[in-house]
Amino acid sequence: MTENRTKSGFFERIAEGYFYGSGNEHYLSHRFDEELTKQQLKSVRSVKLQALSLSAIAGMLGVILLYLPPHWFPEFFTLWTFPLNLWGSTFEIPLFSTLYGLVLAVAEIYFLVFINIRAVHRLAIVCGFPPKEDPEYDMHIRSLVNIGVEKNAKNELSIGLNPWQGYKRYHLILLFVWNKVKASLSNILFKMIIRRVLGRYALRIWVDLAGIPVMAIWNAIAANNVFEHAKVRILAPSVIQYSLLYLQNKHKDEASFRHLSYDILQFLAIKKRSFHENHYLLSINLLRTFNIDPKQEHELGDDFYEKIKGLHPEVKEDIARLLLIGIIIDGSLSFQEKRSIRDMQEHGIFPYSMEEVKLCMQEFVSGKGIGMLKNKLGMQFVS
């Protein structure tokens, strides 16, 4: 499958230049198939450390450059003001200071995105992913580009899967707003604590600079999220390919497995409550493997558990395996997913304990996904 590379934004074009640029082939000393080597794991840790360090430094410099120059040259930064009348009161807006802060914010954003793009690209090179001969090469590149620029692709909607089935619109709005303001809230709360401790004797400059560790840590956390997202996206294709080949060999003529495929995918989407490239990758490959036509919309019914209970034990066992793979394939376990695991256990359709699920996910994110399928889930091919 190929992806359309037109209508890309500025950051996306930069990322595409990295991935599609010439001269990358000689870095691909060996590609990742089943398990990351010790040398690859060492390189992965090095790329991650660099990305987190640079992001933290960017956050520190952003705060320092925002507060120190106005503190040193207050007359210069308050030279030009603009009167703004609001609710009967007049406020003097410092034009140069405002413009200076805006330029710094934009520069930091550009730098952070560049760090993410570079880290995702270097991670892909270390793992030899995606190989040129992969028929889904362009789709893999597009996915990594989206991760690097933190663009949330909603590809599941194109095949009728909606993780927000049954969710209230106002709840979605609240989640969106919270994600946008929590970094600022962290900085404000930290300043309030400092002010409370130091009281009226605290100098304003030191209160402002108290935000340095907050922004450094916050930037490092954000960079870590991007890095881990890219890593699981790189690790997923081999796990998905192996799993579906195993399931196809066992159930290619099993109508009940085929008929439940869309319900399984929608169930996983709802429990994730988010869009994820790995879930989309699992979904399109599962539909393709079992020759299922994509739908414009598919809603999960209330009888999902009952449908599984009535199946042959061997089919139920493999559906449980597929559910486990779908749960761990984004590298995280949400509260909703943990609750669904306990719920499935109570209904007798999921034989894996919470500890087993976590162990499988740990092996997947550490680059041992195929070994996990073979040894932990018993997905061995019988010759």
Side-chain angles (χ1 to χ4, degrees), residues 5-19 21 47-48 50-84 86 91-122 142 144-153 173 175-191 204-205 207-227 229-230:
R5 285 192 279 152
T6 61
K7 299 181 180 179
S8 298
F10 174 75
F11 290 126
E12 292 168 279
R13 290 196 297 272
I14 293 177
E16 288 169 358
Y18 261 87
F19 284 100
V47 173
K48 179 177 180 178
Q50 289 183 30
L52 269 59
S53 299
L54 289 173
S55 297
I57 291 172
M60 295 169 62
L61 288 177
V63 178
I64 292 171
L65 293 176
L66 180 62
Y67 291 115
L68 282 184
H71 177 71
W72 289 335
F73 311 104
E75 298 83 2
F76 183 72
F77 278 85
T78 57
L79 185 60
W80 300 291
T81 60
F82 174 78
L84 180 65
L86 289 176
F91 300 91
E92 296 292 334
I93 306 298
L95 295 180
F96 183 81
S97 179
T98 303
L99 181 61
Y100 176 74
L102 180 61
V103 170
L104 278 181
V106 172
E108 183 179 353
I109 290 172
Y110 272 59
F111 185 59
L112 290 174
V113 174
F114 174 77
I115 292 171
N116 288 340
I117 293 172
R118 178 177 177 270
V120 172
H121 177 247
R122 291 190 63 196
R142 166 54 56 183
L144 293 176
V145 167
N146 287 338
I147 293 171
V149 301
E150 298 188 74
K151 180 179 180 181
N152 188 16
I173 295 174
L175 285 174
F176 174 80
V177 172
W178 168 243
N179 286 331
K180 292 297 181 182
V181 304
K182 56 186 177 182
S184 298
L185 285 176
S186 297
N187 201 3
I188 292 170
L189 288 173
F190 194 81
K191 287 183 181 181
R204 181 180 180 274
I205 181 62
V207 175
D208 289 333
L209 293 181
I212 290 177
V214 174
M215 297 312 298
I217 293 172
W218 190 260
N219 280 0
I221 292 174
N224 182 70
N225 290 339
V226 171
F227 185 88
H229 192 173

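When a residue number appears, it is its place in the shown sequence, counting from 1.
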* Does the side chain of V149 come within less than 4.5 Å of N116's, by heavy atoms? -> no
* For A230 against L144, the heavy-atom pair lying closest together -> O-CD2, 4.3 Å
* To do: Output the distance between atom CD1 (I147) and atom CG (N225), rounded to the nearest 0.5 Å.
  => 12.0 Å
* Would you call the rings of Y110 and F10 parallel, tilted or perpendicular, where under 30° means parallel and over 60° means perpendicular? -> tilted
* Minimum side-chain heavy-atom gap F19-V120 below 4.5 Å -> yes
* Asked: Minimum heavy-atom separation for M215 to G59, with atom names?
  -> CB-O, 3.9 Å
* Asked: Looking at N219, I217, N224, which one forms a side-chain contact (heavy atoms from CB on, under 4.5 Å) with I221?
  -> I217
* Structure fact -> One should read off an interatomic distance between F111 CZ and I57 CD1, to the nearest 0.5 angstrom, of 8.0 Å
* First locate atom CG of L65, then atom CG of L104, and finally report the distance between them rounded to the nearest 0.5 Å. => 5.5 Å
* Set of residues satisfying side-chain contact (heavy atoms from CB on, under 4.5 Å) with respect to R122, sequence neighbours excluded -> V47, Q50, R118
* Gap separating the CG atom of N146 from the NE2 atom of H229, nearest 0.5 angstrom -> 9.0 Å
* Closest non-hydrogen atom pair, A51 against A223 -> O-CB, 4.2 Å
